[in-house]
A.B. asks: 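To start, I am sharing the structure in question, which I have written as structure tokens.
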Amino acid sequence: MEIVLSGIRSTGHLHLGNYYGALRNFVQMQDSHKCFFFIADLHSLTTHPKAEDFHAGVKAILAEYLAAGLDPEKVTLFVQSNVPEVSELYVLLNMVAYKGELERTTSFKDKIRGQEDNVNAGLLTYPVLMAADILIHRAHKVPVGKDQEQHLEMARLFARRFNNLYGTQVFVEPQAFNFGKDLLKIPGLDGSGKMGKSEGNGIYLMDDEKTIHKKVMRAVTDSGPTQANSPMPESIQNIFTLLKVVSTPDTVSYFTDKYNDCTIRYGDLKKQLANDICKQINPIRERILAIGGDDSYLRYVMEKGTAEARASAQTTMKEVRKAVGFKSF
Ligand code: TRP
């Protein structure tokens, strides 16, 4: 069975873009692939989050993943820092990662622009740690968005370099997993672009009804169509894209007709959208709260996932340590 792996940083809650995008596809993959899904808490430390809030962030994502339908009986679910073998591999891969290429990484250049006073080496070697995440489980496929493609390319480069340097086949070169048209791109509520946590334009799985209504009512629109069948500006297209995801086809065509004959009232459209988002999200939010409050279940899930991830990591590391020449006395 093909091995699929994906990681998510632990700062910030999951939004509708995560859910209707990759996460729904992850749930589909549980039966067809051997899946490793983890929370990249070490990566999160590059931005120096407060220690007292840190665990709550990890726990929130875990509860949200489980509530969205990831089944710990089918997939290996774990937290990066609970698998110390990853950190060991990271050290070894740092020896085949060159300063120049790390400095040229697009994400590094982007990230230091946002935190000039904290250009730490963890930020520079972010792609090396990510490569360790992937290579340690010899993943074949990694579902990545555009912003992570370069990191995956570097994981392949480090795998190839390490294999060549030590004359081994231990690492598999991971390929990007492309969901193609199954990957819905969820727009944000700010008129343009996609939903994202850094953009602050999102609806979160944890949002309650009141918050959802407030956010949707504030979504950017225009002054309305004045000519029959005129093309929609991006902000209105985005509202319709969201409507198509959460509402019935009848509702979508009702409002499309209203737009086309210029009788649409955006207030009605938004109210409908907010109601239908709530209908989809309410049961998920309830599950998040229930799972988040069930410490013994979370402990069980983490113990199981950590044991599986460490067993897989240790198998690889045995070969890696041998390849570099470590030997016991
Ligand atoms: N860098 C990824 C992101 O920001 C998170 C991540 C860390 C990851 N390690 C990974 C994704 C390994 C895929 C595979 O989204």
Side-chain angles (χ1 to χ4, degrees), residues 2-15 17-19 21-23 25-26 29 33-47 49 57-58 60-62 64-65 70 75-90 93-94 97 102 105-112 114-115 120 122-159 171-179 183 185-186 194-199 202 305 309 312-313 316:
E2 254 187 351
I3 299 175
V4 171
L5 173 140
S6 178
I8 183 161
R9 272 169 293 156
S10 57
T11 41
H13 290 273
L14 297 182
H15 50 66
N18 299 125
Y19 180 68
L23 196 43
N25 285 290
F26 290 174
M29 290 172 125
H33 295 79
K34 184 168 164 53
C35 301
F36 290 88
F37 296 127
F38 70 97
I39 300 171
D41 60 342
L42 293 173
H43 276 109
S44 299
L45 293 174
T46 52
T47 59
V58 173
I61 301 242
L62 178 61
E64 287 165 1
Y65 259 22
L70 291 185
V75 305
T76 296
L77 209 53
F78 62 102
V79 174
Q80 189 183 34
S81 65
N82 286 337
V83 182
E85 291 79 7
V86 170
S87 297
E88 185 187 0
L89 180 56
Y90 163 68
L93 291 178
N94 268 321
L102 294 172
T105 312
T106 312
S107 65
F108 177 66
K109 290 190 281 186
D110 285 349
K111 280 182 179 131
I112 63 174
Q115 52 184 71
N120 59 65
L123 218 46
L124 182 69
T125 58
Y126 187 110
V128 187
L129 181 54
M130 183 160 158
D133 290 330
I134 298 166
L135 300 180
I136 207 160
H137 299 296
R138 297 188 249 214
H140 303 103
K141 292 277 155 71
V142 181
V144 284
K146 271 249 161 304
D147 60 327
Q148 299 294 319
E149 265 168 20
Q150 190 179 27
H151 290 158
L152 194 60
E153 182 63 47
M154 293 171 86
R156 283 195 285 274
L157 181 67
F158 301 149
F171 293 130
V172 171
E173 286 185 38
Q175 303 302 316
F177 192 100
N178 202 329
F179 293 124
L183 188 68
K185 288 207 179 66
I186 305 298
K194 64 174 200 174
M195 192 174 283
K197 68 179 169 210
S198 45
E199 287 78 3
S312 158
T316 305

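Everything numeric in this text was worked out from a predicted model, so none of it was measured. Atoms within a ligand are numbered from 1 in the order they appear, just like the ligands themselves.
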A.B. asks: Compare all side-chain heavy atoms of Ile8 with those of Phe37 and state whether any distance is below 4.5 angstrom.
C.D. replies: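 Ile8 vs Phe37: side chains apart.
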
A.B. asks: I'd like to check Thr125 versus Tyr90 (side-chain heavy atoms, cut-off strictly below 4.5 Å). Are they in contact?
C.D. replies: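 In short, these two side chains touch, coming nearer than 4.5 Å.
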
A.B. asks: Please work out, at 4.0 Å between heavy atoms, whether the side chain, the backbone, both, or neither of Phe38 comes within that distance of ligand 1.
C.D. replies: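 The part of Phe38 near ligand 1 is the side chain, not the backbone.
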
A.B. asks: Quick check on contacts: which atoms of ligand 1 are under 4.0 angstrom from a heavy atom of Ile134?
C.D. replies: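 So the answer, numbered in order with elements, is 12 (C), 14 (C).
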
A.B. asks: Quick one: which ligand 1 atoms are inside 4.0 Å of a heavy atom on Ala40?
C.D. replies: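 Once the distances to Ala40 are compared, the set is 7 (C).
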
A.B. asks: Under a 3.5 Å threshold, yes or no: a donor from one side chain and an acceptor from the other, between Asp41 and Ser81?
C.D. replies: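 Short answer, yes.
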
A.B. asks: Should you measure from each heavy atom of Tyr126, which atoms of ligand 1 turn up under 4.0 Å away?
C.D. replies: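 Taking each heavy atom of Tyr126 in turn, ligand 1 has 1 (N), 2 (C), 3 (C), 4 (O) under 4.0 Å.
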
A.B. asks: Would one find an N or O of Gln148, backbone or side chain, under 3.5 Å from an N or O of ligand 1?
C.D. replies: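 The answer is yes, given that Gln148 and ligand 1 share an N or O pair closer than 3.5 Å.
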
A.B. asks: What is the closest protein heavy atom to atom 9 (N) of ligand 1, and at what distance does it sit?
C.D. replies: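 For this ligand atom, the closest protein heavy atom is Asp133 OD2, 2.7 Å.
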
A.B. asks: Does the plane of the ring in His33 sit parallel, tilted or perpendicular to the ring in Phe177? Use 30° and 60° as the thresholds.
C.D. replies: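 Aromatic pair His33/Phe177 classed perpendicular.
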
A.B. asks: Return the residue, atom name and 0.1 Å-rounded distance of the protein heavy atom closest to atom 13 (C) of ligand 1.
C.D. replies: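 Minimum-distance protein heavy atom for atom 13 (C) of ligand 1 reads Gly7 N, 3.5 Å.
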
A.B. asks: If only atom types and distance count, is the side chain of His151 paired as donor or acceptor with the main-chain N or O of Pro127 below 3.5 Å?
C.D. replies: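 Looks like no, no N/O pair under 3.5 Å.
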
A.B. asks: Working to the nearest 0.5 Å, report the span between CG of Asn94 and CG of Leu89.
C.D. replies: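 Reported value, rounded in 0.5 Å steps: 9.5 Å.
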
A.B. asks: Output the list of atoms in ligand 1 that are nearer than 4.0 Å to some heavy atom of His43, sorted by atom number.
C.D. replies: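 Within the 4.0 Å cut-off of His43, ligand 1 contributes 7 (C), 9 (N).
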
A.B. asks: Ignoring angles and geometry beyond distance, decide whether His151 reaches within less than 3.5 Å of ligand 1 through its nitrogen or oxygen atoms.
C.D. replies: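 No: no nitrogen or oxygen of His151 is under 3.5 Å from one in ligand 1.
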
A.B. asks: State yes or no: are the ring centers of His137 and Phe78 separated by less than 6.0 Å?
C.D. replies: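 Yes, they do, as the ring centres are separated by less than 6.0 Å.
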
A.B. asks: What is the nearest protein non-hydrogen atom to atom 14 (C) of ligand 1, stated with its residue, atom name and distance?
C.D. replies: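 Result for atom 14 (C) of ligand 1: Leu5 CD2, 3.6 Å.
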
A.B. asks: With heavy atoms of Val142 as the reference, note each atom of ligand 1 found under 4.0 Å away.
C.D. replies: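 Heavy-atom distances to Val142 below 4.0 Å select 13 (C), 14 (C).
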
A.B. asks: Could you tell me whether the side chain of Thr76 and the main chain of Phe36 form a donor-acceptor pair under 3.5 Å?
C.D. replies: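 Between the backbone of Phe36 and the side chain of Thr76 there is no qualifying donor-acceptor contact (under 3.5 Å).
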
A.B. asks: Arg9 heavy atoms, cut-off 4.0 Å: which ligand 1 atoms fall inside?
C.D. replies: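 Near Arg9, meaning under 4.0 Å from one of its heavy atoms, ligand 1 has 3 (C), 4 (O).
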
